[in-house]
Each structure stands twice: as structure tokens, then as C-alpha cells.
Amino acid sequence: MSKIVQFSTIGALMAGHIQGEQAFARLRCGCNFGLGCSADLNGELTIFDGTAYEGTAGKTLKTLDFEARVPFIQLTDFKPEQEYLIEHVHHKNIYENLKRFTQPDNIFLAVSLEGVFEQVTFRRPYPSAEGHVRDVKEVAASQKIDTHQYIAGRLIGFWTPEIFGRIAVPGFHFHFLDESNQISGHVLEFYMNQAQLAFEEKQTIEVTNPSSKSYKDLKIDVSLLDDMIQKIEK
Ligand SMILES: [Zn+2]
């Protein structure tokens with residue numbers, strides 16, 4: 001069982017540490033699966049087969065350069081331990097579906113759902129205007145939400161237990177990647193008549209903190225953080 005390798009935390013990201021800091025290449029060794037975001041929150045990252053796809057509103061999906069620096073990413077070498085064909089699964093009943101096969105409440109899981117999506121709704125940020133540094137709220141307020149129907153692809157993501165909810169998004173965090181690797185984004189809603197559910201328990205999570213001065217100087221108001229994570233990331 002491999003670990004989850006992570007750079008920075010969802011808490012630091014939501015508190016405003018959004019500049020690219022760690023090169024994707026330094027983190028990806030052996031990892032084929034994951035999610036994150038690109039520098040200055042200019043795109044949602046979905047990592048599949050070792051390639052990171054960057055989804056930005058108004059742009060075609062692009063492959064992230066290995067040397068690109070990212071503010072937040074979670075990666076792992078996904079080797080499914082359990083796989084099931086499940087039916088009538090959507091964003092509201094995926095937890096109940098998962099619970100049929102494991103007790104997820106206190107553990108980390110890497111999770112994928114593959115098949116034809118009768119519907120999938122996801123969002124991508126607009127790119128920042130040159131020279132303009134945005135804050136998290138500004139990015140969150142101007143995102144493009146798209147719904148696709150009858151599209152083949154997969155959800156790639158993690159289940160994080162509530163007690164680790166400032167390290168990563170508590171509960172499910174899924175990004176979508178279509179079968180042809182052309183369409184991707186942060187998932188808000190989905191519905192599948194039939195899906196191949198695959199998951200792997202991850203006992204270890206390795207978090208590398210940013211080392212920059214701006215991170216060390218970052219003021220993190222934890223009393224606001226949980227609410228912000230719920231509002232912006234769920
Ligand atoms: Zn996301």
C-alpha cells in the first residue's frame with residue numbers, strides 16, 4: 001500500500017497560499033493518480049497515468065509541465081484493492097455506496113469511479129489577468145460551471161476523514177477526466193446508471209509544507225477556515 005504524497009494543505013491554500021511553490025516533477029515519482037490546482041489557482045489539476053491535466057475555463061485542457069510549480073497537490077500510486085460494479089450512483093449516495101464495502105469514516109482512501117456519466121457537473125477557474133494577483137474568494141466567485149451528459153470518463157479523487165479536514169478536503173474530493181483526456185474539472189455533481197467503483201485504503205499521508213517566507217508569514221484564521229473549505233471546496 002503506497003502513501004498519499006501531498007504538497008501543502010487545503011487549509012493553507014484556502015488561507016491564501018496559492019502561489020506555485022513545489023515543482024510537480026519533484027512530487028510525482030511513482031505516483032499515477034491525484035488532484036490539485038495550478039499556480040495562482042489558474043487551473044484544476046487532475047493526475048492520471050502520471051500526467052497532470054490542467055483545466056482552466058475558456059481554454060482547452062492542457063498537460064502540465066513537469067517543472068511547473070504548484071501550490072497544492074495530492075498524489076498516490078493507485079492500485080485498487082477492491083472493485084465493484086455499482087448502479088444508480090450520484091454525488092449524494094456515493095458515501096452510502098462506499099459504506100457497503102468498507103467503513104471509511106476514519107481512514108484515507110484513493111477512489112475512482114469509471115463509466116458513462118449520464119450527467120457530470122464540474123467547475124474550472126478563469127485564468128487570472130496578467131499582473132493581477134487574486135485572492136481565493138475572488139477566484140471562487142468567478143468560476144465556470146459546466147454540465148456534460150452521456151460522457152465517458154472517470155472521477156479521480158480521495159476520501160479524507162473529518163479529523164484531517166484542514167489537511168485535505170474532508171469527505172470526497174473528486175476531479176473529472178473524460179475518456180479522451182480532453183475535459184476535466186472539480187466535480188460538483190454527477191449521476192451514473194452504472195459505474196466501476198475502485199478504491200484503495202491509504203494508511204499514510206506525507207505532507208510537505210511550503211518552505212517560503214510568505215508561507216511562514218501567512219496568517220491562518222482557523223476559526224474561518226472550516227467554513228471556507230466547506231463553501232469553496234465542496
Ligand atoms: Zn478540486
Side-chain angles (χ1 to χ4, degrees), residues 4-22 24 27-28 31 33-48 51-57 59 61-62 64 68 70-76 78 91 94-95 108-113 117 120-128 134-148 153-162 164-178 181 183-190 202 205 207 225-234:
I4 297 172
V5 176
Q6 174 169 334
F7 180 70
S8 195
T9 57
I10 197 72
L13 188 77
M14 289 298 107
H17 195 72
I18 62 171
Q19 58 266 53
E21 187 161 330
Q22 181 81 303
F24 172 51
L27 296 152
R28 71 181 270 280
C31 293
F33 178 100
L35 51 77
C37 57
S38 52
D40 303 322
L41 297 178
N42 277 333
E44 298 282 353
L45 298 180
T46 307
I47 296 88
F48 181 64
T51 300
Y53 298 93
E54 182 184 21
T56 301
K59 295 189 172 187
L61 195 66
K62 91 172 206 226
L64 191 79
V70 296
F72 172 79
I73 200 163
Q74 288 184 287
L75 298 165
T76 196
F78 183 48
H91 54 284
I94 175 69
Y95 174 77
F108 287 96
L109 296 167
V111 185
S112 93
L113 275 172
F117 291 76
V120 60
T121 300
F122 58 84
R123 60 150 212 246
R124 292 166 298 158
Y126 284 98
S128 52
R134 301 178 294 182
D135 65 22
V136 175
K137 283 189 180 143
E138 194 181 344
V139 178
S142 70
Q143 303 205 77
K144 189 167 192 290
I145 295 173
D146 290 300
T147 296
H148 288 250
R154 51 174 53 84
L155 301 189
I156 289 172
F158 297 95
W159 164 269
T160 298
E162 196 77 38
F164 287 92
R166 290 169 184 172
I167 289 177
V169 177
F172 291 105
H173 183 183
F174 282 126
H175 285 192
F176 173 76
L177 182 65
D178 85 308
N181 302 343
I183 297 164
S184 188
H186 171 102
V187 173
L188 301 172
E189 296 182 8
F190 69 94
K202 297 289 180 183
I205 181 162
V207 179
L225 210 52
D226 296 340
D227 195 41
M228 217 168 153
I229 293 169
Q230 284 298 326
K231 276 196 187 126
I232 295 177
E233 284 299 326
K234 298 300 271 185

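Along the sequence shown, residues are numbered consecutively beginning with 1. Counting starts at 1 for both ligands and their atoms, following the listed order. This is a predicted model, so every value here is computed, not measured.
For Phe164 and Phe108, the ring centers sit closer than 6.0 Å to each other.
Every side-chain hydrogen bond (donor to acceptor under 3.5 Å, both in side chains) that Glu54 has, sequence neighbours left out, goes to Ser38, Lys62. For Asp146, the side chain to side chain contact (heavy atoms under 4.5 Å, CB included) partners two or more places apart in sequence, or in a different chain, are Phe122, Arg124, Lys144, His148. In terms of the side-chain hydrogen bond (donor to acceptor under 3.5 Å, both in side chains) criterion, Glu189 has no residue partners (sequence neighbours excluded).
Across Val111 and Phe33, no two heavy atoms sit closer than the pair O-CZ, 3.3 Å. Among all heavy-atom pairs drawn from Thr56 and Pro125, the shortest one is CG2-O, 3.5 Å.
Protein atoms of type N, O or S found under 2.8 Å from the Zn ion (ligand 1) total 3.
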